[in-house]
Chemist: 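My structure is below; once you've seen it, I'll send some questions.
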Amino acid sequence: MSKITQVYAHEILDSRGDPTIETVIRLDSGQTTVSSVPSGASVGAKEALELRDKDSRRFAGKGVLRAAENVNQKLGPALVGMDPANQTEVDQKLISLDGTKEKKNMGANAILSISQSVCKAGAIASGMSLYNWVSKLGEGMQALNSKLPTRIPTPVFNMINGGLHGAGNLDFQEFQVIPASSKIFSEGLRTSVEVYYQIRESLIRRGAIHSVGDEGGFAPNLFTNADALEIDIEAIKEAGYQIGEDFFLGLDVAANSIWKNGSYTIKDRSNALNGSGLESYYESINQEYRLIYLEDPYHEEDWNSWRELTAKIGDKTMVVGDDLLVTNPERVSRAVSEKACNAILVKPNQIGTVTETLGVIKLARNAGWKIIVSHRSGETNDWFIADFAVGVKSDYVKFGAPARGERIAKYNRLLAIEKELAATQQ
Ligand code: PGA
Ligand code: ZN
């Protein structure tokens with residue numbers, strides 16, 4: 001058995017230049033692991049608390065010194081002597097030391113940085129790669145179907161950034177290009193990068209802005225949201241691929257941000273829309289573009305609209321809950337019983353520990369939902385979620401556009417795992 005001898009956290013920066021927390025775990029073997037946590041911009045109201053200092057003299061109040069102090073003085077010391085292979089026990093201890101549902105005392109950022117770092121330590125102590133170790137933890141919690149072969153999940157690329165992530169004028173947050181699941185990951189990545197190049201060309205031809213947003217996708221000004229879908233289609237063709245065969249389209253509307261004063265507003269329609277008006281719009285673009293993926297089509301409390309849309313298009317389209325579900329078991333259970341969606345975006349930092357994230361995946365799996373493991377718009381170069389996604393046998397991953405170091409760190413890690421799997425599965 002291996003033992004944790006030291007837990008140490010400090011403040012680092014994320015991809016937006018905002019402070020975040022990184023935690024180092026030292027084991028009695030002398031080996032160390034490091035993990036850091038991401039941060040969202042379009043945050044669901046029911047997410048676990050991200051603890052920030054609110055000291056306006058530092059980083060406009062966004063510092064995380066208090067979270068680091070919580071690790072160094074309170075949470076870390078309590079873990080010394082524990083076995084890092086005991087993820088559930090470690091996480092339980094962290095949860096009880098915090099004592100609140102939303103992790104308000106210690107901060108979900110503080111807690112998750114430890115939880116992820118301990119998970120890496122458990123892998124090292126067991127002599128396993130991180131993704132295999134996560135699989136083992138997941139099997140222990142019946143969070144995954146152990147009969148399914150280990151594969152690289154299909155990537156969902158956020159090629160055009162709007163909403164809170166882009167400086168452009170698009171209402172929808174993400175315009176996604178998704179390679180066919182039948183392609184092996186490295187092929188899916190290469191061909192998607194070729195499409196990414198063509199999107200840039202297409203924007204240049206139109207005289208549109210082609211600089212990038214928070215997740216590495218282009219952030220143009222366009223007349224309508226549908227124009228961005230049109231550009232995706234054009235780029236797929238220009239790259240020499242076929243829509244509906246090689247590539248599919250998806251959207252993260254992140255509808256909390258188009259919901260104002262009791263109705264939805266989008267530039268594609270001159271009048272404000274209620275839930276069913278927006279549903280008609282979705283049906284019309286779905287006829288034209290056949291979305292296979294539609295995330296947060298309604299705001300996080302518009303349960304009726306969610307239910308109706310899932311009943312209508314759920315047989316062909318993944319209706320994905322992100323802000324609706326916030327990786328929270330209570331929200332997921334409600335959505336399962338109300339049939340409000342049929343897929344879940346899994347973000348460990350919305351709930352705050354590895355164990356609870358696995359618990360949510362188990363609920364979603366049992367409901368027959370698709371699983372998408374996701375980054376946040378503010379990221380670090382930590383690739384933990386790449387291994388995590390492979391380990392839990394998620395169907396998809398959503399790590400942004402195939403550009404910018406913090407996104408590429410995850411896609412490159414998947415390339416490495418693909419090589420490793422090819423060598424071991426022969
Ligand atoms: P966020 O966005 O990380 O800014 O919350 C990601 C998403 O909505 O999927
Ligand atoms: Zn989202």
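The structure displayed is predicted, hence computed values, not measured ones. As the structure lists them, so they are numbered: ligands from 1, and atoms in each ligand from 1.
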Chemist: Is there a polar contact, in the sense of an N or O pair closer than 3.5 Å, between R16 and ligand 1?
Modeler: no
Chemist: Who's the nearest protein heavy-atom neighbour of atom 8 (O) of ligand 1, and how far?
Modeler: Q173 NE2, 2.8 Å
Chemist: Can you label the angle between the Y411 ring and the F185 ring as parallel, tilted or perpendicular, going by 30° and 60°?
Modeler: parallel
Chemist: Within a 6.0 Å radius of atom NZ on K62, are there more than 12 heavy atoms belonging to other residues, nucleotides or ligands?
Modeler: no
Chemist: Please report which non-hydrogen protein atom sits nearest to atom 7 (C) of ligand 1, along with the residue it belongs to and the distance in Å to one decimal place.
Modeler: K347 NZ, 3.1 Å
Chemist: Enumerate the atoms of ligand 1 whose separation from the nearest heavy atom of E295 is less than 4.0 angstrom.
Modeler: 9 (O)
Chemist: How are the rings of Y264 and H299 set relative to one another: parallel (under 30°), tilted (30 to 60°) or perpendicular (over 60°)?
Modeler: tilted
Chemist: For the Zn ion (ligand 2), how many protein N, O or S atoms come closer than 2.8 Å?
Modeler: 3
Chemist: A side-chain contact here means heavy atoms from C-beta on lying under 4.5 Å apart; do L144 and E139 qualify?
Modeler: yes
Chemist: Could you list the atoms of ligand 1 found under 4.0 angstrom from a heavy atom of G40?
Modeler: 1 (P), 3 (O), 4 (O), 5 (O)
Chemist: Could you state the interatomic distance from OG (S15) to CG (N381), rounded to the nearest 0.5 Å?
Modeler: 8.5 Å
Chemist: Looking only at protein heavy atoms, which one is nearest to atom 3 (O) of ligand 1, and how far off is it?
Modeler: S377 N, 2.7 Å
Chemist: Check each of F157, Y196, F175 against F218 using the ring-ring contact (aromatic ring centres under 6.0 Å, His included) test, and report the only one that passes.
Modeler: Y196
Chemist: Under 3.5 Å between any N/O of H165 and any N/O of ligand 1: does that happen in this structure?
Modeler: yes
Chemist: For the pair E187 and R190, find out whether any cationic side-chain nitrogen is under 4.0 Å from an anionic carboxylate oxygen.
Modeler: yes
Chemist: If you measure from the Lys or Arg side-chain nitrogens to the Asp or Glu carboxylate oxygens, is any gap between R376 and D14 under 4.0 Å?
Modeler: no
Chemist: In the protein, which heavy atom is nearest to atom 9 (O) of ligand 1, and how far is it?
Modeler: K398 NZ, 2.7 Å
Chemist: Taking both backbone and side-chain atoms of S374, is any N or O found less than 3.5 Å from an N or O belonging to ligand 1?
Modeler: no
Chemist: Measure the shortest side-chain to side-chain distance between L345 and S374 over non-hydrogen atoms and say whether it is less than 4.5 angstrom.
Modeler: yes
Chemist: Taking only heavy atoms of E174, which atoms of ligand 1 are found under 4.0 Å from at least one of them?
Modeler: 6 (C), 7 (C), 9 (O)
Chemist: To check you understand the geometry: which heavy-atom pair defines the closest contact between G314 and N342, and what is its length?
Modeler: O-ND2, 3.0 Å
Chemist: Below 4.0 angstrom from a heavy atom of D322, which ligand 1 atoms are there? Numbered from 1 as shown, please.
Modeler: 7 (C), 8 (O), 9 (O)
Chemist: Regarding ligand 1, does A41 bring an N or O atom to under 3.5 Å of one of the ligand's N or O atoms?
Modeler: yes
Chemist: State, yes or no, whether a side-chain contact exists between I231 and L203 at a heavy-atom distance under 4.5 Å.
Modeler: yes
Chemist: Using a strict cut-off of less than 4.0 Å between a Lys/Arg side-chain nitrogen and an Asp/Glu carboxylate oxygen, indicate whether D98 and K104 qualify as a salt bridge.
Modeler: no
Chemist: Taking only residues at least two apart or on different chains, which pairs with a member in residues 265-291 satisfy salt bridge (Lys or Arg N to Asp or Glu O under 4.0 Å)?
Modeler: E279-K312
Chemist: Should we say atom NZ of K183 is surrounded by more than 12 heavy atoms from elsewhere, each under 6.0 Å from it?
Modeler: yes
Chemist: Specify side chain, backbone, both or neither for L345, according to which of its non-hydrogen atoms lie closer than 4.0 Å to ligand 1.
Modeler: side chain
Chemist: Does ligand 1 have a heavy atom under 4.0 Å from the side chain of D252, from its backbone, from both, or from neither?
Modeler: side chain
Chemist: Number the atoms of ligand 1 from 1 as they appear, then name those within less than 4.0 Å of a heavy atom of R376, with their elements.
Modeler: 1 (P), 3 (O), 5 (O)
Chemist: What are the atoms of ligand 1, with element, lying closer than 4.0 Å to any heavy atom of S42?
Modeler: 1 (P), 2 (O), 4 (O), 5 (O), 8 (O)
